[in-house]
Amino acid sequence: MARHLITSAIPYINGIKHLGNLVGSQLPADLFARYQRGRGHEVMFLCATDEHGTPAELAAAKAGKPVAEYCAEMHEVQARIAEGFRLSFDHFGRSSSVQNHKLTQHFAGRLADAGLIREVSETQMYSHADGRFLPDRYIEGTCPNCGFESARGDQCDNCTKQLDPTDLINPYSTISGSTELEERETKHLYLRQSEMRGKLADWIDSKSDWPVLTTSIAKKWLNDGDGLQDRGITRDLDWGVPVMKGDAPWPGMEGKVFYVWFDAPIEYIAAAQEWVDAGKGTDWARWWRTDKGAEDVTYTQFMGKDNVPFHTLSFPVTIFGSGEPWKLVDYIKSFNYLNYDGGQFSTSRGRGVFMDQALELLPADYWRWWLLSHAPESSDSEFTWESFQSSCNKDLADVLGNFVSRVTKFCRSKFSEAVPEGGNYGPDELALIEDISRRVRTYEQHMEAMEVRKSAQDLRAIWAAGNEYLQTVAPWSTFKTDPAKAAIQIRLALNLIPLYAVLSAPFIPDAAASLLGSMNAEETPWPDDVAAQLSKLAPGHAFTVPEVTFRKITDEERDSWQERFAGTRD
RNA sequence: GGCGCGGUAGCUCAGUUGGUUAGAGCGAUCGACUCAUAAUCGAUAGGUCGGGAGUUCAAGUCUCCCCCACGCCA
């Protein structure tokens, strides 16, 4: 039995995510976790909410709530939606947890001891009205270059000139609108990533089996311009992990917190500690410490391409730099973006389908199937309602759902709601069994390799094989001349249903569970031996004809949804 | 402007280390079947593999140049 540690990039606390975010990390991670569990392996699947930083503070202020309260509420909202999509996290943690605070401070202390952190003095804009330092993009003013009046502190949107907040004429806070800004000297900590450049490059070079998307992004950051740059890991904020050197105070860093990108990935580890503290397990170290049982763990991370630099460079610097035997990632599966109907998803314009809305329209399985079978692996892909309707109706309703329906209903009308008596499987049956066996092995290979789209194609072909068989042997006509032979044919077809359910469970867990229930075959294991599995439902085994497993999406629904989620176009 | 990923049948995409007549699903057309969610199954459809040049006995698959789309960065 292998052991798999699986993490999904942690979604930011601010707001509900859209389908593109879902398919970029959490959903494929869940597919892989469910598959590995299905194969009988031990799995630890972790995710969390990323809660620190200015956007969270501003969103809380807008909602009129203290930031801690806002985050707690939003965490619950995201947790419920994740449940709705059947994301099977062993724990869904919070980067604001005590566990993460302690661990982040611990890592910072270790990195400081290793000489990998340096202090830098810089000037930053302080807003008296807001009572805080302002990040560059929260300051606007008149561009000194082109005169544009809403130039941001980091760049002018009009002439694209790169700016410093101090360059702006008549700068003001975009939070309060206040013009009472003052340049103040402040000290920050920088992680000396550049020190690790060689080690990181060697490490990345050794990962020849990683997706090109992952390694190309990592190499770009390692080699572009002057190479990997040091990065600030602290901010002048209230909401975050207070800067400490392990358990000790950090002189000169009072009132500062670590910047989100530093503490967020550490939450992967802290989430396992939260898992223990929540009473769900007893030993987190055997997943995360190679000196405490994690040496045989395979660790896989899932994320969208925007997160690749943090996972290939920054977080590994933290791990390497600690000098402690933390489990390092073995494989990074990254995804491109999902576009929406000819453009991008847009939160501000209400364009595209968001996770909560999706579940109001249809059960999770429909979304899971479309998203996974169209996962943006090799390039950006696009959601259209036509494609969604077509895939769901054709694959789920016609090929899989209708197969179950035709078999069970035929059996009920010609025999009974139990597997009929008959004889032994003949040549046609053995041929199908061999065909399915071969296809299952291919499916397994693609799932092991996290080839999501190909796996979906394989699965669909396995479903279709059942229909092909029925069409060939035609039990409805066999029945007229040789009822016993028809009984054999139907017995095999009935046996395909629990097999399909188990194989499909990683993609469509709810439908899989309901099919197993209908067939009274809840305990069906993964078909390591397909032939044996297809004889498991013996004559006399009772079942019930299931309700419609997947209903069809009508043209009217498709059109109305398309209109409803179009947002305000440019 | 630099960089990255792409540009393969109407649509969505596969195409391993270069090698027989370039593949799948959907759609379309024709046919078969009638157990089933008007479902299924089979056959067919002939795409200069973005454009050009080069390397090679042989290139969608390697090299160079150009064009287009998308994204990232400064």
Side-chain angles (χ1 to χ4, degrees), chain A residues 20 24 154-156 159-164 208-209 211-226 229 304-309 334-339 342-344 370 373-415 442 445-446 449 451-461 463-480 486-487 489-490 493-494 497 511 545-554:
Chain A
D154 51 351
Q155 181 180 34
C156 174
C159 68
T160 74
K161 186 177 171 57
Q162 195 198 345
L163 302 170
D164 275 326
S208 55
D209 61 331
V212 192
L213 184 64
T214 304
T215 51
S216 67
I217 292 174
K219 285 177 182 172
K220 182 193 166 231
W221 282 65
L222 279 169
N223 300 324
D224 253 24
D226 300 327
Q229 299 298 300
K305 59 183 168 187
D306 52 327
N307 264 314
V308 169
S334 55
F335 290 85
N336 286 286
Y337 291 146
L338 179 69
N339 289 317
Q344 296 183 334
W370 189 89
S373 62
H374 294 78
E377 291 178 294
S378 54
S379 63
D380 290 354
S381 65
E382 177 162 319
F383 177 92
T384 65
W385 289 100
E386 290 77 10
S387 170
F388 179 67
Q389 179 196 29
S390 166
S391 288
C392 289
N393 288 357
K394 200 72 197 169
D395 301 343
L396 297 179
D398 294 347
V399 175
L400 175 62
N402 181 56
F403 172 79
V404 172
S405 181
R406 67 195 296 204
V407 171
T408 53
K409 286 182 179 170
F410 180 83
C411 185
R412 180 174 62 185
S413 74
K414 305 298 185 197
F415 302 99
T442 305
Q445 283 165 19
H446 285 144
E451 296 266 19
V452 178
R453 298 173 87 129
K454 286 181 181 172
S455 300
Q457 281 179 24
D458 295 338
L459 184 57
R460 198 201 117 100
W463 297 338
N467 284 315
E468 291 166 25
Y469 167 76
L470 285 183
Q471 215 61 37
T472 306
V473 300
W476 47 91
S477 45
T478 315
F479 184 78
K480 293 169 188 161
Q489 293 164 346
I490 284 302
L494 287 169
I497 297 171
V545 172
E547 303 293 312
V548 170
T549 311
F550 291 101
R551 75 170 183 85
K552 298 226 191 186
I553 297 165
T554 65

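Proteins get letters first, then strands, A, B, ... in listed order; numbering begins at 1 in each. Source: prediction; values computed, not measured.
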Given that A:R551 and A:N393 both sit by RNA chain B, which one's nearest nucleotide is further toward the 5' end? A:R551

Which whole number of Å gives the distance between the C1' atom of B:U61 and that of B:A32? 40 Å

Nearest-Å distance, CH2 (A:W370) to C1' (B:G25)? 14 Å

Checking B:U34, B:G25, B:U37 against the side chain of A:R460 (C-beta onward), the nearest is B:G25

Is there a stack between A:F410 and B:C35, judged by ring centres under 5.5 Å and planes under 30°? no

Does a distance-only test, which skips hydrogens and angles, find a donor-acceptor pair under 3.5 Å between the side chain of A:N402 and the base of B:A36? yes

Quick check: on RNA chain B, is the nucleotide nearest A:Q471 upstream (toward 5') of the one nearest A:K454, or the reverse? Name the residue that is more 5'. A:K454

With both distances kept under 3.5 Å, what pairs with B:U63, Watson-Crick or G-U wobble? B:A53

Can any side-chain N or O of A:S381 pair as donor or acceptor with the backbone N or O of A:H374 at less than 3.5 Å? yes

Would you mind pulling out the nucleotide paired to B:U21, Watson-Crick or G-U wobble, both distances under 3.5 Å? none

Starting the side chain at C-beta, find the nucleotide from B:U40, B:U34, B:C41 nearest to A:R406. B:U40

To the nearest Å, how far apart are A:N336 CG and B:G4 P? 15 Å

Nearest to the side chain of A:V548, which nucleotide is it out of B:U34, B:U40, B:U37? B:U37

Under 3.5 Å on both distances, the Watson-Crick or G-U partner of B:A58: none

How many Å lie between CG on A:L470 and P on B:U37, as a whole number? 14 Å

So what does A:A474 touch, heavy atoms closer than 4.0 Å: a base, only the sugar-phosphate, or nothing? nothing

Rounded P spacing from B:C41 to B:A22 in Å: 27 Å

Just to be sure I understand the rule, does A:F550 reach a base, reach only the sugar-phosphate, or reach nothing, if contact means heavy atoms closer than 4.0 Å? base

Can you check the distance between B:G52 and B:U8, where both ends of the measurement are the P atom (answer in whole Å)? 16 Å

Could you state the CG-P distance from A:N467 to B:A36, rounded to the nearest angstrom? 14 Å

Quick one: look up who B:C3 pairs with, Watson-Crick or G-U, both distances under 3.5 Å, and put none if it's unpaired. B:G71

Determine yes or no for a side-chain-to-main-chain donor-acceptor pair under 3.5 angstrom, with A:S413 supplying the side chain and A:F410 the backbone. yes

Please work out if A:S381 contacts a base, only the sugar-phosphate, or nothing of the nucleic acid, heavy-atom cut-off 4.0 Å. sugar-phosphate

Provide the distance between the two C1' atoms, one in B:C33 and one in B:A69, to the nearest whole Å. 45 Å

Selected nucleotide, minimal atom distance to A:A397 side chain, candidates B:C26, B:U34, B:U37: B:U37

A:E382 atom CD is separated from B:U12 atom C1', nearest whole Å, by 10 Å

Selected nucleotide, minimal atom distance to A:K409 side chain, candidates B:A36, B:C41, B:G71: B:A36

Taking A:N393 for its side chain and A:I553 for its backbone only, find out whether a donor-acceptor pair lies under 3.5 Å. yes

Protein-nucleotide distance (A:Q457, atom CD; B:G15, atom P), rounded to Å: 9 Å

Using modelled atom types and a 3.5 Å cut-off, is there a donor and acceptor pairing between side-chain atoms of A:T478 and backbone atoms of A:V473? yes

Expressed as a whole number of Å, how far does the P atom of B:U40 sit from that of B:C26? 9 Å

So, the side chain of A:S391 versus the backbone of A:S387: is there a donor-acceptor pair under 3.5 Å, distance only? yes

Taking atom C1' in both B:C57 and B:C67, what distance in whole Å separates the two? 32 Å

Measure from CH2 on A:W463 to P on B:A24 and round the result to the nearest Å. 20 Å

Mind checking whether A:W370 and A:F388 have parallel, tilted or perpendicular rings, split at 30° and 60°? perpendicular

C1' gap between B:G71 and B:A53, integer Å: 29 Å

Heavy atoms from C-beta onward define the side chain here; which of B:U37, B:U12, B:G71 lies closest to that of A:H374? B:U12

Are A:T408 and A:L494 packed together at the side-chain level, in the sense that at least one heavy-atom pair is separated by less than 4.5 angstrom? yes

What nucleic acid atoms does A:S405 come within less than 4.0 Å of, heavy atoms only: base, sugar-phosphate, or nothing? base

In whole angstroms, how far is the P atom of B:U40 from the NZ atom of A:K552? 6 Å

Using the C1' atom in both, what is the distance from B:U16 to B:C11, to the nearest Å? 26 Å

Give, for atom CD of A:Q445 and atom CG of A:D458, the distance between the pair rounded to the nearest 0.5 Å. 9.0 Å

